[in-house]
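Heads up, the thing below is written out as structure tokens.
The sequence lines fix the lettering, A, B, ..., with proteins before strands; numbering per chain opens at 1.
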Amino acid sequence: MELLTSPRYRDYCGGLILILIGVSAAFQGRSYQVGTIDNMGAGFFPVALGIILALAGGILLGGAIARSIRLKAALDIEQAAPALPLEWRGWICICLSVIAFAVLSEYTGLVPATFACVVIAGIADRENSLRAILLLATGITLAGAVVFWWGLGVTIPLFMRGYM
Amino acid sequence: MWESIHGLIYGFGLAFEPHNLMWCFVGVLLGNLIGVLPGTGALTSISMLLPLTFAMQPVPAILMLAGIYYGSQYGGAIGAILLNLPSHPPHAVTCLDGFPLTQKGKGGMALGLTMLASFFASSVGIIVMIFAAPLLVRAALQFGPADLFSIMLLGLVVGATMSRGSPVKGIAMTVIGMLLGSVGTDITTGIERFDFGTPELADGIEITSIAMGVFGIADFLRNVNRMKHISILPPVRLRDMLPSKAELKESAMPMLRGTLVGTLFGCMPGTGPTITTFIAYALEQKVSRTPEKFGTGMLAGVAAPEAAAHSKTQVDFIPTMSLGIPGDAVMALLLGALLIHGIQPGPRLVTEHPDIFWGLIASFWVGNIILMILNVPLIGVWVKLLRVPYRFLVPSAVFFIAIGAYSVKSDIFAIYTVLFFGILGAVFMALDFPMAPILLGYVLEPMVEDNFRRALLLSEGDMAIFIQRPISAVVLGIIVVVLALQAFFALRASVGKRLLPVAPSGGSRKSRTKDLSFPC
């Protein structure tokens, strides 16, 4: 993964992603009636945008290939920001934390959802101790309930019975 | 002119209503609080606090948002000067001379100076706004769809190509933003686009989901376990903040020049605040008698960019309010907030919603004064907040974003959308794409499409309409010039690189300014 975001391959990757998004947007856009220039359908803009995006991706990709052919890559790479090592733990925990909030707030209520969300996101940071995480989660859960449920009237009930 | 002064008096009346004043205060306080936290800049602050304002009346909501904006902008300057931590890209330049000042034990003074510069520059910006906005409004009423399309195109092109790094990447992000903006029911035909059969997408993607994902979750994904640890911080006391007479004299002209740069750039839609602060800094280096001292704690290097950022912010409100064309990502967010409140910014805003327009202008002044008053006693608290560990910040912020996304429409689906945009943003950031153009593209897409369609409907498909209308032709000309200049500079840079394989290292001032890339 670090290789893909490294200065050398960054633009190959970016270019390919853009082409992929652009082409699929243009194809999807065609199903919304493109229309004519004096009477555009709903598909006109999506198709046009998709094509522009794919072109931008092509230019990016072409530039990257041209650079590697001219063997000037070493020069540019020195100036570009280096790739950061992938932070799996942080990514997984933060993503899971958001998902946990979404799922739990639907089925168990605000308090368990908040608690789980904060705990899981807390694990993301390597320097957090379990005790600190639990304290933080308790604090945020209380504050969150007061501010959002009682203060702002968020429509998630604090607890839901029957599931827990 | 008289109408402006009448409007202003009316606006001050509104801004001083206890209810509005309170929300403005809350906005400044919260913005300052979140802006000062490490790793959260103005965009993150506004994105996170945006859902809170949806339940409010439009006037206090927009006053609060504006308050959040300058609060967080100033809060960001605190981190930049004291810790060398630019959490909001425009502050990257402030770090260059602000942090050396802190190392010399003059951090407090630099903060005081920043505050003065921002207040002065905002005041000038507000005055320009008061007199220029009605003029622009009068002109804007004459604009046809072709003119509006060209102006928006200018904003998009400038926003895409004059941000950080590769213009192609900027354009790509703008187009992705526009594609996101086209999701949902098409106004003209009623066809649902890119909804993939999910009813939640039929109304389009919420601006909050994109903003909180791209500027919130994505930032956390990128920074988690990577933030520097901050243990030692210089104490800042109240009396440290007062610049001496000599220091004031030294920074007066830079402040003025910075304000001018900011005002000029504010008039041009699309130019972000980062490039503005950058040019203000470069200008100071050019006119300075001691250009080699920049980067070692020159007062001009703090005062000018901060003044430029603030005057640009104020002037930026002119195209945002009177044309409905936001200048940068922050303005795009504010515009999105107005739209959610059912207010369409544009030439008719001043007559249809004078309360919003003049109330907002008056509240700028009130808000800036609140900011000054607030920061004098609270600076000690802010400095302590800089030490809040990132490991506590992320979980709290993730929760805040999740519940914020939900509360916009009481919709669980929005939480997943935020996560989606967070991952998307983090991936694109890792590939070195700028993020701010996404929001600009997203907000402008419906208007661009609508005006483009209308223009060609009127001309019966004749593309020549865009060069037949004088305003549109001039604007298109500007676009061509902007693109040509950029191509020229890019070409010159690449030729120069080939001739000079080893870049000269840091000594000369030219290379110094070049070394600065825009962190975004």
Structural part of Leu49(A) lying under 4.5 Å from a heavy atom of chain B: both

Side chain, backbone, both or neither of Ala55(B) within contact of chain A (heavy atoms, under 4.5 Å): neither

Under 4.5 Å from a heavy atom of chain B, the part of Leu53(A) involved: both

Contact winner vs chain A - Thr174(B), Asp462(B), Leu221(B), Leu456(B), heavy-atom pairs under 4.5 Å: Leu221(B)

Atom group of Phe196(B) that falls short of 4.5 Å from chain A, counting heavy atoms: side chain

Part of Tyr416(B) within contact of chain A (heavy atom distance under 4.5 Å): side chain

Smallest separation among heavy atoms of Arg453(B) and Gly41(A), with atom names: NH2-O, 3.2 Å

Heavy-atom proximity to chain B below 4.5 Å, by part of Tyr9(A): neither

Positions in residues 54-61 of chain A that reach chain B, provided some heavy atom is under 4.5 Å away: Ala56(A), Ile59(A), Leu60(A)

Best-contacting candidate, Ile52(A), Ile133(A), Asp11(A), Ile21(A), against chain B by heavy atom pairs under 4.5 angstrom: Asp11(A)

Gap separating the CD atom of Glu445(B) from the CZ atom of Phe452(B), nearest 0.5 angstrom: 12.0 Å

Any side-chain heavy-atom pair of Val394(B) and Asp125(A) under 4.5 Å: no

Greatest number of heavy atom pairs closer than 4.5 Å to chain A - which of Ser182(B), Ala397(B), Ser396(B), Ser407(B): Ser396(B)

Backbone N/O of Gly216(B) and side chain of Thr44(B): donor-acceptor pair under 3.5 Å: no

Sub-4.5 Å side-chain heavy-atom contact between Phe220(B) and Val224(B): no

Check: Phe420(B) ring centre within less than 6.0 Å of Phe413(B) ring centre: no

Under 4.5 Å from a heavy atom of chain B, the part of Cys117(A) involved: side chain

Minimum heavy-atom distance between Phe433(B) and Met173(B), given as atom pair plus value: CD2-CE, 3.7 Å

Which portion of Tyr406(B) sits near chain A, non-hydrogen atoms under 4.5 angstrom: side chain

Exercise: identify the closest heavy-atom pair between Ala414(B) and Ala405(B): CB-O, 3.5 Å

Atom group of Thr189(B) that falls short of 4.5 Å from chain A, counting heavy atoms: side chain

Top contributor to chain B contacts, counting heavy-atom pairs under 4.5 Å, from Phe45(A), Phe44(A), Phe101(A): Phe45(A)

Gly441(B) to Leu156(B) - nearest heavy-atom pair and separation: CA-CD2, 3.9 Å

Top contributor to chain B interface from Val119(A), Ile94(A), Ile140(A) [non-hydrogen pairs under 4.5 Å]: Ile94(A)

Exam field: side chain Ser105(A) to backbone Ala102(A), donor-acceptor pair closer than 3.5 Å: yes

Ile120(A) vs Ile99(A) side-chain heavy atoms within contact, under 4.5 Å: no

Max heavy-atom pair count under 4.5 Å with chain B, selected residue of Pro46(A), Gly122(A), Gly90(A): Pro46(A)

Heavy-atom pairs under 4.5 Å with chain A, option from Ile403(B), Leu457(B), Ile171(B) with the top count: Ile403(B)

Toward chain A, the part of Val418(B) with a non-hydrogen atom under 4.5 Å: neither

Asp450(B): salt bridge (Lys or Arg N to Asp or Glu O under 4.0 Å) partners, not counting sequence neighbours: Arg454(B)

Region of Ile217(B) in contact with chain A, defined by heavy-atom distances below 4.5 Å: side chain

Residue Ile156(A) versus chain B: region with a heavy atom under 4.5 Å: both

Proximity breakdown for Tyr32(A) and chain B, heavy-atom pairs closer than 4.5 Å: both

Any side-chain heavy-atom pair of Leu431(B) and Tyr12(A) under 4.5 Å: no

Within-4.5 Å side-chain heavy-atom neighbours: Phe54(B) and Leu50(B): yes

Contact class of Val103(A) relative to chain B, heavy atoms under 4.5 angstrom: both

Among Ala42(A), Ala48(A), Ala121(A), residue most engaged with chain B (heavy-atom pairs, under 4.5 Å): Ala42(A)

Non-hydrogen side-chain atoms of Leu444(B) and Met447(B) separated by less than 4.5 Å: yes

Proximal component of Leu458(B), with respect to chain A [non-hydrogen, under 4.5 Å]: neither

Contact winner vs chain A - Val398(B), Leu419(B), Ile423(B), Asp186(B), heavy-atom pairs under 4.5 Å: Leu419(B)

Pick from Met463(B), Lys169(B), Glu460(B), Glu449(B) with the largest number of heavy-atom pairs that fall under 4.5 Å of chain A: Glu449(B)

Pairwise side-chain contact, Ile123(A) with Arg89(A), heavy-atom cut-off 4.5 Å (strictly under): yes

Sub-6.0 Å ring centroid separation between Phe421(B) and Phe428(B): no

Exam field: side chain Thr185(B) to backbone Ala202(B), donor-acceptor pair closer than 3.5 Å: yes

